[in-house]
Asker: 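Okay, handing you the structure first.
Every chain is numbered from 1, with letters handed out A, B, ... down the list of sequences.
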Amino acid sequence: TRPTSSRLFAVTSRSITEDELRDSFSVFGDVQGVWVVKDKQTKESKGIAYVKFAKSSQACLAMEEMHGKVLMDGTKPIKVFIAQSRSSNRHRDVEDEELTRIFVMIPKTFTEEDLKDTFKEYGEIEYCVIIKNKSTGESKGLGYVRYHKPSQAAHAIENCDKTYRAILAEPRTKTTVTEEYSGGMSRGEYMGGNDSMNQYAFPMAEPVNYQGMDYRSGDFTRCLMISTRAALSQEQIFSLFDLIPGMEYCELQRDNYGMSKGHALVRYNNLGSAVYAKEKLNGFEYPPGNRLAVNFVDDGEDRSSPVSRMAMQLVAAQMMSAVWNGPATNQVMKPHQGYSAVSNMSRVQTDVNLPPLKKLAPPDSKSKERLFVVFSPSPLPLDVLEDVFCRFGSLIEVHLVPGRKVGYMKYADKQCADEAMAVLHGRVVNGVKMKVMLADPPREESHKRPRTT
DNA sequence: CGACGGGACGC
DNA sequence: CGACGGGACGC
């Protein structure tokens with residue numbers, strides 16, 4: 001599944017024309033071509049059409065929105081799928097299952113919560129997992145992120161930082177019991193659920209592992225949201241989450257038609273049960289083949305006061321720092337350092353006077369010079385770096401190398417870059433010392449055959 | 001010291 | 001049920 005296709009395959013009424021298709025599909029993006037397949041002799045439509053978009057995310061969005069729509073009064077609803085590649089002989093519909101999971105390369109220091117935080121900006125994440133060494137438990141630097149919709153996965157692939165090398169994940173090639181539950185279900189069909197769950201045992205014995213949990217704001221509430229791709233009944237959700245003591249509330253979220261939206265809310269009367277439930281049931285397959293996503297949601301307790309928010313940000317900063325520095329230097333941030341950062345209301349503290357902020361150069365500007373920056377003891381956040389390095393003008397882009405303490409600053413003007421280097425080399429920003437040097441030219445893309453699309 | 005690569009899952 | 005025309009960069 002290398003290229004995520006930007007071409008749609010549509011089954012329409014034979015009376016639908018290319019112009020009608022173009023009109024209705026072009027609201028979702030740049031339609032590069034519409035082709036209705038016609039009988040060679042009679043020139044009549046065979047009720048099949050291809051719609052090519054500039055981007056895969058546009059095609060996915062159009063598919064999600066147009067599938068099942070009636071284009072013209074009196075005609076049948078259309079079916080819309082991502083088209084199989086031209087070379088493919090298989091004419092099986094491409095299922096959402098194959099379009100909603102991405103495969104990424106991540107720093108080995110990433111926890112599953114870090115992975116989720118990084119990729120949630122492209123859509124609600126149903127489930128994510130990091131590939132780990134099964135005996136030592138250490139990360140292999142690879143992860144999977146499952147979204148709810150193909151357009152979200154496509155969006156992530158198109159827009160996430162290139163260093164993550166995000167691609168569509170190959171579907172799991174294992175089909176045992178899984179198939180009878182998810183295999184027969186296609187988009188838009190309701191899957192009834194009256195299975196009893198007692199046949200699916202899951203371990204309750206081991207203690208909860210708190211390593212890798214997210215200590216940042218919004219986590220650790222008594223309230224959980226459950227997302228599921230297959231429709232589940234209230235009773236199913238109830239009996240599953242009631243296995244953990246302390247459940248005080250359980251409700252399936254329904255739409256106006258009374259159909260399950262694939263979401264449920266569960267609340268426990270204590271934090272421990274909620275943490276345990278998330279730990280044990282997030283990613284659990286129920287029924288087999290249907291992964292549940294379980295996440296903390298705001299339980300209504302006030303976390304929004306400025307003092308509370310700042311306190312949480314401070315804790316978050318300490319956690320980040322601890323993660324980067326490792327257990328050896330896991331000391332708590334000095335109180336006065338933290339307080340002064342908060343009271344200044346500024347995100348940048350430095351030992352040098354900085355010029356005022358300047359606008360960034362357009363993203364498509366040609367790079368005239370790149371700076372290579374080494375951070376000690378840990379890298380600064382992207383927004384802080386942009387704030388600092390833009391002040392010399394013509395900054396195009398800040399790039400951090402994930403999992404490394406280095407980054408690249410791309411400038412559209414050589415003099416601006418040189419001045420930034422002269423001013424910032426050896427300086428300390430927010431407690432982080434920076435070496436700022438000219439970057440070596442990027443490694444050549446090597447002479448491989450250029451890929452189309 | 002501090003460099004951009006690489007790639008597959010016991011659900 | 002419902003799967004592939006037309007046209008031709010430059011290596």
Asker: Would C/dC1 be called syn or anti, given that syn covers angles within 90° of 0?
Answerer: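 Here the answer is syn: the torsion falls within 90° of 0.
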
Asker: Nearest heavy-atom pair of A/C160 and A/Y122: which atoms, and what distance?
Answerer: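 Here A/C160 and A/Y122 meet closest at CA-OH, 3.1 Å.
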
Asker: Any base atoms under 4.0 Å from A/D93, or only sugar-phosphate, or nothing? Heavy atoms, all strands.
Answerer: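 Contact class for A/D93: base.
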
Asker: Looking for any heavy atom pair under 4.0 Å, which part of the strands does A/A10 touch: base, sugar-phosphate only, or nothing?
Answerer: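 The residue A/A10 makes no contact with any strand.
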
Asker: Which of these nucleotides, B/dC11, B/dC4, C/dA3, is closest to any side-chain atom of A/I48?
Answerer: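 The closest nucleotide is C/dA3.
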
Asker: Go nucleotide by nucleotide along DNA chain B from the 5' end; which of A/D440 and A/V104 gets its closest nucleotide reached first?
Answerer: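 Going by which nucleotide is closer to the 5' end, it is A/D440.
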
Asker: With nearest nucleotides of DNA chain C determined for A/V34 and A/G47 from heavy-atom distances, which residue corresponds to the more 5′ nucleotide?
Answerer: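 Of the two residues, A/G47 wins.
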
Asker: Ignoring hydrogens and angles, state whether a donor on the side chain of A/T100 or A/R146 is under 3.5 Å from an acceptor on the partner side chain.
Answerer: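 Yes, side-chain donor-acceptor contact under 3.5 Å.
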
Asker: Can a side-chain donor-acceptor contact be found between A/E126 and A/S227 if the only test is distance below 3.5 angstrom?
Answerer: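 Per modelled atom types, A/S227 and A/E126 side chains form no pair under 3.5 Å.
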
Asker: Within this structure, what is the CD-to-P distance between A/E18 and C/dC4, rounded to whole angstrom?
Answerer: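 Distance check: A/E18 CD to C/dC4 P gives 16 Å.
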
Asker: Side-chain N or O of A/R14 less than 4.0 angstrom from OP1 or OP2 on C/dG2?
Answerer: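 Answer yes for this pair, as a side-chain N or O of A/R14 is under 4.0 Å from OP1 or OP2.
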
Asker: Which nucleotide sits closest to the side chain of A/F81: C/dG2, B/dA3, C/dG5?
Answerer: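 It is C/dG2.
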
Asker: Kindly point out which of C/dG5, B/dC9, C/dA3 is positioned nearest to the side chain of A/Y144?
Answerer: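 Among the listed nucleotides, the one closest to the side chain of A/Y144 is B/dC9.
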
Asker: From C-beta outward on A/V11, which listed nucleotide comes closest to its side chain: C/dA3, C/dG2, B/dA3?
Answerer: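 Selected nucleotide: C/dG2.
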
Asker: Answer yes or no: is there an ion pair linking A/K278 with A/E113, defined by an N-O contact shorter than 4.0 Å?
Answerer: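 Salt bridge flag = yes for A/E113 with A/K278.
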
Asker: Is A/W35 stacked on the base of C/dG5, with ring centres under 5.5 Å apart and planes under 30° apart?
Answerer: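 Base of C/dG5: stacked against A/W35.
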
Asker: Figure out the NZ/P separation between A/K410 and B/dC4, and round it to whole Å.
Answerer: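 Spelled out: NZ on A/K410 to P on B/dC4 is 17 Å.
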
Asker: Look at all strands and tell whether A/S87 reaches a base, only sugar-phosphate, or nothing, counting heavy atoms closer than 4.0 Å.
Answerer: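 Nothing: the residue A/S87, judged by heavy atoms under 4.0 Å, touches no strand.
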
Asker: A/I167 CD1 to B/dG6 P: how many Å, rounded?
Answerer: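 Checked: the CD1 to P distance equals 12 Å.
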
Asker: Quick one: CG on A/D93 to CD on A/E98, what's the gap to the nearest 0.5 Å?
Answerer: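 Rounded to the nearest 0.5 Å, the CG-CD separation comes out at 9.5 Å.
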
Asker: For the side chain of A/Y127, starting at C-beta, report the closest nucleotide among B/dA3, C/dC4, B/dC11.
Answerer: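 Comparing B/dA3, C/dC4, B/dC11 against the side chain of A/Y127, the answer is B/dC11.
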
Asker: Is B/dC9 in the syn range, within 90° of 0, or in the anti range?
Answerer: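 In terms of base orientation relative to the sugar, B/dC9 is anti.
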
Asker: Classify the side chain of A/R146 and the base of B/dC9 as holding, or not holding, a donor-acceptor pair under 3.5 Å.
Answerer: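 Under the 3.5 Å cut-off, the side chain and the base do not form any donor-acceptor pair.
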
Asker: Under 5.5 Å centre to centre and under 30° between planes: does that hold for A/Y408 and the six-membered base ring of B/dA3?
Answerer: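 Not stacked by the 5.5 Å and 30° rule.
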
Asker: Taking any heavy-atom pair under 4.0 Å as a contact, classify A/K40: base, sugar-phosphate, or nothing.
Answerer: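 A/K40: backbone/sugar contact only, no base atoms under 4.0 Å.
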
Asker: A/A169 side chain: which of B/dA8, C/dC4, B/dA3 is closest?
Answerer: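 Closest nucleotide among those given: B/dA8.
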
Asker: Can you find a donor-acceptor pair, distance only, under 3.5 Å between A/R101 side chain and B/dC9 base?
Answerer: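 Such a pair exists between side chain and base.
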
Asker: With side chain to side chain contact (heavy atoms under 4.5 Å, CB included) as the test, would you mind laying out the steps for A/L243 and A/F241 before giving the verdict?
Answerer: CA-CA 5 Å; A/L243 291 173; A/F241 285 80; over 6 Å; no

Asker: I need the CG-C1' distance between A/L438 and B/dG2, as an integer number of Å.
Answerer: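 Distance, rounded to whole Å: 15 Å.
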
Asker: For A/H67 and A/F81, take the angle between the two ring planes, folded into 0 to 90°, and tell me which bin it lands in: parallel under 30, tilted 30 to 60, perpendicular over 60.
Answerer: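 Taking A/F81 first and then A/H67, their aromatic rings stand perpendicular (interplane angle over 60°).
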
Asker: Could you please name the option among C/dC4, B/dC4, B/dA8 that lies closest to any side-chain atom of A/L142?
Answerer: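 My answer, after comparing the listed nucleotides, is B/dA8.
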
Asker: Checking contacts here: which listed nucleotide (C/dA3, B/dC9, B/dC11) is nearest the side-chain heavy atoms of A/E170?
Answerer: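 Closest of the options to the side chain of A/E170: B/dC9.
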
Asker: Name the closest nucleotide to the A/V129 side chain, picking from B/dC11, C/dC4, B/dG2.
Answerer: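 Closest of the options to the side chain of A/V129: B/dC11.
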
Asker: What nucleic acid atoms does A/K38 come within less than 4.0 Å of, heavy atoms only: base, sugar-phosphate, or nothing?
Answerer: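 No contact at all - A/K38 keeps every heavy atom at 4.0 Å or more from the nucleic acid.
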
Asker: Quick check on DNA chain B: between A/I131 and A/F375, whose nearest nucleotide comes earlier from the 5' end?
Answerer: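 Taking each residue's closest nucleotide, the earlier one in sequence belongs to A/F375.
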
Asker: Reckon A/R7 has a side-chain N or O less than 4.0 Å from the OP1 or OP2 of C/dA3?
Answerer: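 It does not, given that no N or O in the side chain of A/R7 lies less than 4.0 Å from OP1 or OP2 of C/dA3.
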
Asker: Closest approach to the side chain of A/K435, judged atom by atom: which nucleotide of C/dA3, B/dG2, B/dA8 is it?
Answerer: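 Nearest to the side chain of A/K435 among the choices is B/dG2.
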
Asker: Classify the nucleic acid contact of A/K76 as base, sugar-phosphate or nothing, counting any heavy atom under 4.0 Å across all strands shown.
Answerer: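 If one applies the 4.0 Å heavy-atom cut-off, A/K76 turns out to touch the sugar-phosphate alone, with no base involved.
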
Asker: Applying a 4.0 Å non-hydrogen cut-off, can you work out what A/K140 is touching in the nucleic acid: base, sugar-phosphate, or nothing?
Answerer: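 Here A/K140 touches no strand at all.
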
